Amino acid sequence: MRVSIVGSGYVGTTTAACFADLGHDIVNVDIDQDIVDAINAGQSPIHEPGLDDLLDEHGSDALTATTDYADVRETDVTFLALPTPSRDDGSIDTSIIEAATETLGATLADKDDEHVVVTKSTVIPTTTTDTLAPILEDASRKTLGEDLHVAMNPEFLREGTAVEDFQHPDKLVFGTQDDTALDTLYDVFAPLIEQTDAPVVETDIAEAEMIKYANNAFLASKVSLINDLGNICKEFGVDAYEVADAIGLDDRIGERFLRSGVGWGGSCFPKDVNAIIAAAKNKGYTPALLEAAVAVNDTQPQRLLDLLNDYVDVAGERVAVLGLAFKPGTDDVRNSRAIEVIEGLQNRDATIVGYDPVATENMRERFPDIKYTSSAAAALKDAVGAVIVTDWDEFATLDEEFTTMREPVVVDGRRSITPTPDITYEGLTW
Ligand SMILES: NC(=O)c1ccc[n+]([C@@H]2O[C@H](COP(=O)([O-])OP(=O)(O)OC[C@H]3O[C@@H](n4cnc5c(N)ncnc54)[C@H](O)[C@@H]3O)[C@@H](O)[C@H]2O)c1
Ligand SMILES: O=c1ccn([C@@H]2O[C@H](COP(=O)(O)OP(=O)(O)O[C@H]3O[C@H](CO)[C@@H](O)[C@H](O)[C@H]3O)[C@@H](O)[C@H]2O)c(=O)[nH]1
């Protein structure tokens, strides 16, 4: 099929490369010329395992990128993979997706055939039908349900494992309001459904939009619950990881997303939990449990720094921050817990030395004035304390490096390292 994807960030590029790999002809539209050039050169604009190989194979062949929306007219269906960021009050800002939708609609005005537009961005229930569809109808001068069709297909990929998640989905959700859109989604995903037997959830558009928020709100709350319990464990000298391993054996709980520590970050959980809270409040309902999940998450970085403070006064002293990305496997620092940790250390006048295998340049944009090193060993040397914020595998192999610290105090926010007798070690929840 001929498929276009508007927006070529984490979701758009991964989806484009994976669709091309399924045998479709893909046009990726983005306003950023550097991203477009990278894709056409067969290179990934983001750090995402497996994506370079797919782009190397399909870039500028089955997959082309462009800044020109006109190429969309040559395709049958367009997926919108545009940002839906938070406003200050937590609600989503739909201005970017609305503007792109208007440009798309105006472009489709010059297309004779019918067209299907699918929202892949995370949007509050009814956004597709009540906000985006009218914009498309006006700008394209097409008629919804006749020569214009809308759908919602939420994305569940995780950064760091995005390609793997796309290729082995737990489920596909098709939110539609007419058969043309539903049939089109089946046509696009047919090769994947055949390969994986992934269950397809057919539903209305608003349900599809809500499923995405419910999924993320549930997972974020699960992590906050294990963090809340983990904080209690710490008070009693109990190992929260042993407790989690045991409760995870109960099928009703499940073993995944029970890693307690410094909390959840990233471009999705914080944004989406706050957005659905704001949307619920706007309707007159206050979701107490979700508010508590955010509150617990907000306290974890502070608890990490308080533990460090129990051993060393960091004012004027060198402190190593190991891990800057919001999770391993990605260079994304959006809402990384490392941001709160660095700000907390700055408030305590520490001299901060950050290290991350791939996210340094992105964090340097946020904190240009702290020091960065090209290895964990270099960050640890002469430090009076170290905090572990991201669970990169390479931190598990650190050993002798800790002995080069001036005071070998290590506070682990991710259960990343095995303590040795040479260091003073504190786990956040164990
Ligand atoms: N990142 C994830 O892991 C993930 C997973 C599932 C869902 N989502 C959702 O998917 C959506 C996109 O997220 P993302 O992380 O890929 O965003 P992103 O910021 O990485 O990428 C968005 C892209 O859109 C481009 N863009 C902005 N305005 C444009 C316009 N008018 N026309 C064309 N391109 C334009 C930007 O240049 C950028 O490359 C969001 O709603 C997000 O919540 C993200
Ligand atoms: O047991 C756990 C699991 C995760 N995390 C943290 O939670 C955050 C999010 O992790 P993860 O969910 O693996 O990464 P994301 O890429 O943010 O993926 C989430 O957000 C995406 C965007 O909506 C969804 O598509 C995914 O399904 C959803 O898992 C990270 O800071 C993790 O360190 C924990 O602290 N403990």
Side-chain angles (χ1 to χ4, degrees), residues 4-16 28-36 38-39 45-46 48 65-69 72 79-86 92-104 107 119-124 127 153-162 165-166 169-171 209 212-213 215-220 222-227 230 241 244 248 255-273 275 297 300 323 325-330 332-338 389-391 413-415 428-429:
S4 47
I5 299 173
V6 179
S8 193
Y10 286 87
V11 171
T13 309
T14 306
T15 308
N28 219 167
V29 183
D30 202 286
I31 49 171
D32 188 324
Q33 187 67 51
D34 290 344
I35 289 178
V36 166
I39 292 171
I46 49 168
E48 193 57 55
T66 176
T67 55
D68 187 357
Y69 274 69
V72 163
F79 287 77
L80 301 173
L82 293 146
T84 47
S86 302
I92 63 162
D93 177 353
T94 52
S95 59
I96 298 172
I97 193 168
E98 285 185 43
T101 300
E102 184 149 11
T103 311
L104 173 67
T107 308
T119 309
K120 209 164 212 349
S121 300
T122 304
V123 292
I124 292 295
T127 301
N153 168 231
E155 180 53 61
F156 300 100
L157 62 78
R158 293 162 300 165
E159 290 181 26
T161 51
D165 289 346
F166 181 99
D170 292 328
K171 59 182 173 286
E209 292 167 328
K212 175 64 196 175
Y213 281 102
N215 219 87
N216 273 358
F218 202 99
L219 290 171
K222 187 174 182 185
V223 176
S224 275
L225 182 52
I226 199 64
N227 282 338
Y241 276 72
E255 66 187 12
R256 297 173 73 190
F257 275 68
L258 284 182
R259 292 184 59 80
S260 55
V262 72
W264 34 270
S267 67
C268 293
F269 281 1
K271 168 173 85 72
D272 294 348
V273 177
N297 200 50
Q300 296 307 96
F326 83 94
K327 62 178 284 192
T330 180
D332 196 346
V333 300
R334 290 179 286 182
N335 279 309
S336 171
R337 298 291 81 191
V389 185
T390 316
D391 34 350
R414 296 290 184 189
R415 183 89 152 197
L428 192 49
T429 56

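Owing to the predicted nature of the structure, the values given are computational and were not obtained by experimental measurement. First listed ligand is number 1; within each ligand, the first listed atom is number 1.
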Nearest-0.5 Å distance, [atom1] of residue [X] to [atom2] of residue [Y]:
| X | Y | atom1 | atom2 | result |
| --- | --- | --- | --- | --- |
| Glu159 | Lys327 | CD | NZ | 7.5 Å |
| Leu258 | Lys222 | CG | NZ | 4.5 Å |
| Leu82 | Thr101 | CG | OG1 | 7.0 Å |

Where is the nearest protein heavy atom to [atom]: which residue, which atom, and how far?
| atom | answer |
| --- | --- |
| atom 38 (C) of ligand 1 | Asp30 OD2, 3.4 Å |
| atom 6 (C) of ligand 1 | Glu155 O, 3.3 Å |
| atom 18 (P) of ligand 1 | Gly9 CA, 3.9 Å |
| atom 44 (C) of ligand 1 | Val11 CG2, 3.2 Å |
| atom 11 (C) of ligand 1 | Leu82 O, 3.3 Å |
| atom 41 (O) of ligand 1 | Thr84 OG1, 2.6 Å |
| atom 9 (C) of ligand 1 | Thr122 OG1, 3.5 Å |

Sub-4.0 Å atoms of ligand 1 with respect to non-hydrogen atoms of [X]:
| X | value |
| --- | --- |
| Ser8 | 23 (C), 39 (O) |
| Tyr69 | 30 (C), 31 (N), 32 (N), 33 (C) |
| Cys268 | 2 (C), 4 (C), 5 (C), 44 (C) |
| Ile96 | 27 (C), 28 (N) |
| Glu159 | 1 (N), 2 (C), 3 (O) |
| Ser267 | 1 (N) |

Checklist entry - Would Glu48 and Thr13 count as a side-chain contact (heavy atoms from CB on, under 4.5 Å) if you check the C-alpha gap in whole Å, the side-chain angles of each, and the deciding distance to 0.1 Å? => result CA-CA 10 Å; Glu48 193 57 55; Thr13 309; over 6 Å; no
Checklist outcome for this item: Hits for side chain to side chain donor-acceptor pair (under 3.5 Å) against Thr84, two or more places apart or cross-chain, chain-then-number order -> Lys271
Checklist entry - Arg334 near ligand 1, heavy-atom distance under 4.0 Å? => result yes
Item to check | Heavy atom of Pro83, distance to ligand 1 below 4.0 Å | outcome: yes
Checklist outcome for this item: Hits for ring-ring contact (aromatic ring centres under 6.0 Å, His included) against Phe166, two or more places apart or cross-chain, chain-then-number order -> Phe19
[Y] and [X], any side-chain heavy atoms less than 4.5 Å apart:
| X | Y | value |
| --- | --- | --- |
| Thr330 | Arg158 | no |
| Val273 | Asn216 | no |
| Thr119 | Thr127 | no |
| Pro328 | Arg414 | no |
| Ile124 | Tyr213 | yes |
| Asn297 | Arg337 | yes |
| Cys268 | Thr122 | no |

Do any N/O atoms on [X] end up under 3.5 angstrom from N/O atoms on ligand 1?
| X | result |
| --- | --- |
| Asp272 | no |
| Lys271 | yes |
| Lys212 | no |

Applying a heavy-atom cut-off of 4.0 Å, say which part of [X] lies close to ligand 1: side chain, backbone, both or neither.
| X | result |
| --- | --- |
| Arg158 | neither |
| Pro45 | neither |
| Ile35 | side chain |
| Val123 | neither |
| Phe269 | neither |
| Ile31 | both |

Item to check | salt bridge (charged side-chain N to carboxylate O under 4.0 Å, His left out) against Lys120, all qualifying residues, sequence neighbours excluded | outcome: Glu155
Next on the checklist: Please give me the minimum heavy-atom distance between Asp30 and Ser8, naming the atom from each residue.
Outcome noted: OD2-N, 2.6 Å
Item to check | Per-ligand residue contacts, ligand 2, heavy-atom threshold under 4.0 Å | outcome: Glu155, Phe156, Leu157, Arg158, Glu159, Lys212, Asn216, Val223, Phe257, Leu258, Arg259, Gly263, Trp264, Gly265, Cys268, Phe269, Asp272, Phe326, Lys327, Arg414
Next on the checklist: Pair Phe156, Asp170 - check side-chain contact (heavy atoms from CB on, under 4.5 Å), show working.
Outcome noted: CA-CA 9 Å; Phe156 300 100; Asp170 292 328; over 6 Å; no
Checklist entry - Can you tell me if Thr66 and Asp68 form a side-chain donor-acceptor pair at under 3.5 Å? => result no
Checklist entry - Would the number of heavy atoms belonging to other residues, nucleotides or ligands and lying under 6.0 Å from CD of Glu98 be above 12? => result yes
